[in-house]
Amino acid sequence: MLFDKLQLDPKAKKTKTGQYKTGEDVLSALAHKSDIVQDILDFRQYQKLKSTYVDALPTLINPNTGLIHTSYNQAVAATGRLSSTNPNLQNIPIRTEKGREVRKAFIPREEENIILSADYSQIELRIMAELSQDEHMLEAFALGQDIHRATAAKVYGVDIDQVTADQRRNAKAVNFGIIYGQSAFGLSQSLGIPRKEAADIIEQYFNQYKGIKQYMSKVVETAKENGYVETILKRRRYLRDINSANMTVRGFAERNAINAPIQGSAADMIKVAMINIQKDIEDQGLKGKMIMQVHDELVFDIPEKELDAFKNIILHRMPTAIPMRVPIVVEIGIGKNWLEAH
DNA sequence: TCTCTCACG
DNA sequence: ACGTACGTGAGAGAC
């Protein structure tokens, strides 16, 4: 209907099975051409929230406990992260207003309890700073600076308090993109700017953060020599395609080589923290429980009376799980439901 | 069972 | 000329 009848895009792309692509990015770009497009996007959002969460979660309540019990898989994700199934509690909505209503439904098991959420602040960028030992990024974190603002100041050559909202947004996109081994094309797409401009930003980035550029080259090089990369705790990811003659295939492996030590070391860190926290909870005979992990966040269901005890444990164990030169910052929130705690 | 889409970090 | 950011899991619909 959108492409054959309404002809909204003469250059519409197709999937490898020959269907028109209609992902969110595609439809958003067409929304101004016909009112029906925004209706489709809205419908998709509500359909997703209803089918995946609102309808499904209540059916997964265990009649014996009255609770939803997820399963955490320790040997699925190639980077060493956990994954969560039946249900997946690591993808509960938060980004949209309607989605946040779902998150509000996650409440403590007892009337006198609260939800406590503790998350690592900018953990992957801090780990990249540690792995690369980049002088300037380490300094920004040591000074407690807003890392995206600090990056913008470096990339655009302005004072840190002269950074505009636009510059900060671009710098934030670069910081994330770098962790994934992003290209100028990828950055231009995510920011909606010309490729040349994106290339300039990336060049400036590596000029300012020379240690990161060096680290990226080194990790790809060692991957080519060894056939694998390692996290801080020596978890390996083997990369069979790292020396492939096919550029596209090799490109994927090279991005994996860059990303896996960062994402995987963050996973190492939170796993050690979880072990240490659980031991402290048991040693101190506390009634509160650690109930969920969402990659850089731990969620607890605790009696309000135990709040100080839990804060002490968490603020001790999470930042010190793996000793590092870069400061590790943990943010804690509490509330009557998971959304409030965030 | 596979593909497409979309929810999260 | 081509493809193009990492890691997951689940529902709908087609086959």
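Throughout, protein chains are lettered first and strands after them, A, B, ... in sequence-line order, and every chain is numbered starting at 1.
- Note on A:Arg237: a side-chain N or O is less than 4.0 Å away from OP1 or OP2 of C:dG7.
- Contact annotation for A:Ile92: backbone-only contact, meaning every heavy-atom pair under 4.0 Å involves sugar-phosphate atoms and none involves a base.
- In the set C:dG7, C:dT4, B:dA7, the nucleotide with an atom closest to the side chain of A:Pro93 is B:dA7.
- If you check the side chains of A:Thr96 and A:Gln45, you find a donor sitting under 3.5 Å from an acceptor.
- Between A:Tyr20 and the options A:Thr15, A:Asp9, A:Asp4, a side chain to side chain donor-acceptor pair (under 3.5 Å) holds for only A:Asp4.
- A salt bridge links A:Arg168 with A:Asp146: the distance from a Lys NZ or Arg NE/NH1/NH2 to an Asp or Glu carboxylate oxygen falls below 4.0 Å.
- Among the protein residues, A:Ala267 comes within range of no part of the nucleic acid, since none of its heavy atoms lies under 4.0 Å from any strand.
- Within the 4.0 Å cut-off from OP1 or OP2 of C:dA5, not a single side-chain nitrogen or oxygen of A:Arg255 is found.
- Residue-to-nucleotide contacts include a donor-acceptor pair under 3.5 Å from the side chain of A:Gln263 to the base of C:dC6.
- Residue contacts for A:Asn91: at a heavy-atom cut-off of 4.0 Å it reaches a base atom on one of the strands shown.
- Taking 4.0 Å as the cut-off between side-chain N and carboxylate O, A:Lys224 and A:Glu254 count as a salt-bridged pair.
- The phosphate of C:dG7 (OP1 or OP2) has a side-chain N or O of A:Asn256 nearer than 4.0 angstrom.
- Looking at heavy-atom distances under 4.0 Å, A:Leu187 makes no contact with the nucleic acid at all.
- The distance between atom CZ of A:Arg250 and atom P of C:dC2, rounded to the nearest whole Å, is 19 Å.
- Comparing atom distances between the A:Thr79 side chain and each of C:dA5, B:dA7, C:dG7 picks out C:dG7 as nearest.
- A:Val330 and A:Ala118 make their closest contact through CG1-CB, 4.1 Å (heavy atoms, listed as atom of the first residue, atom of the second, distance).
- Taking only side-chain nitrogens and oxygens, A:Arg95 never comes nearer than 4.0 Å to OP1 or OP2 of B:dA7.
- Residue A:Tyr20 is in sugar-phosphate contact alone, with no base atom involved, counting any heavy-atom pair closer than 4.0 Å across all strands shown.
- Between the P atoms of C:dA1 and B:dC6, the separation comes to 31 Å (whole Å).
- Close to B:dT5, at under 4.0 Å from its OP1 or OP2, lies a side-chain N or O of A:Thr22.
- In this entry the distance linking CE of A:Met128 with P of C:dG7 reads 17 Å, nearest Å.
- Nucleic acid contact for A:Thr85: sugar-phosphate only, since backbone atoms but no base atoms lie under 4.0 Å from a heavy atom of the residue.
- At whole-Å resolution of the value, CD1 in A:Ile123 and C1' in C:dC6 are 16 Å apart.
- Taking the nucleotide of DNA chain C with the nearest heavy atom to each of A:Gln189 and A:Lys48, the more 5' of the two is matched to A:Gln189.
- Of the candidates C:dG9, B:dA7, B:dG9, the closest approach to any side-chain atom of A:Asn73 belongs to C:dG9.
- Here C:dT8 presents its C1' atom at 16 Å from CD of A:Gln74, a figure rounded to the nearest Å.
- When heavy atoms are screened at a 4.0 angstrom cut-off, A:Phe252 is found touching the sugar-phosphate backbone but no base atom.
- If you check B:dC4 for Watson-Crick or wobble pairing at under 3.5 angstrom, you find it paired to C:dG11.
- B:dG9 is paired with C:dC6 under the Watson-Crick or G-U wobble criterion, all donor-acceptor distances under 3.5 Å.
- Looking at A:His342 and A:Glu297, their side chains do bring a donor and an acceptor atom within 3.5 Å of each other.
- Side-chain proximity of A:Ile94 to the nucleotides B:dC8, B:dA7, C:dA5 is greatest for B:dC8.
- A salt bridge links A:Asp280 with A:Arg317: the distance from a Lys NZ or Arg NE/NH1/NH2 to an Asp or Glu carboxylate oxygen falls below 4.0 Å.
- In terms of modelled atom types and a separation under 3.5 Å, the side chain of A:Arg250 and the main chain of A:Ser244 share a donor-acceptor contact.
- One finds a side-chain N or O of A:Ser83 lying less than 4.0 angstrom from the OP1 or OP2 phosphate oxygen of C:dG9.
- Residue A:Thr248 places no side-chain N or O under 4.0 Å from the OP1 or OP2 atom of C:dG3.
- Remark: C1' of C:dT8 and CD of A:Glu124 are 13 Å apart, rounded to the nearest angstrom.
- Rounded to a whole Å, the CZ atom of A:Phe43 is 14 Å from the C1' atom of B:dC6.
- Between the P atoms of C:dC2 and B:dA7, the separation comes to 31 Å (whole Å).
- In this structure, A:Arg44 reaches the B:dC6 phosphate: one of its side-chain N or O atoms is under 4.0 Å from OP1 or OP2.
- Within the nucleic acid shown, A:Gly23 comes within 4.0 Å of sugar-phosphate atoms alone, with no base atom in reach, counting heavy atoms only.
- Between A:Asp268 atom CG and C:dG7 atom P the separation is 16 Å, expressed in whole Å.
- What separates CG of A:Leu49 from P of C:dG11 is a distance of 13 Å, to the nearest Å.
- Across C:dT4, C:dG7, C:dT8, the shortest atom-to-atom separation from the side chain of A:His295 is found for C:dG7.
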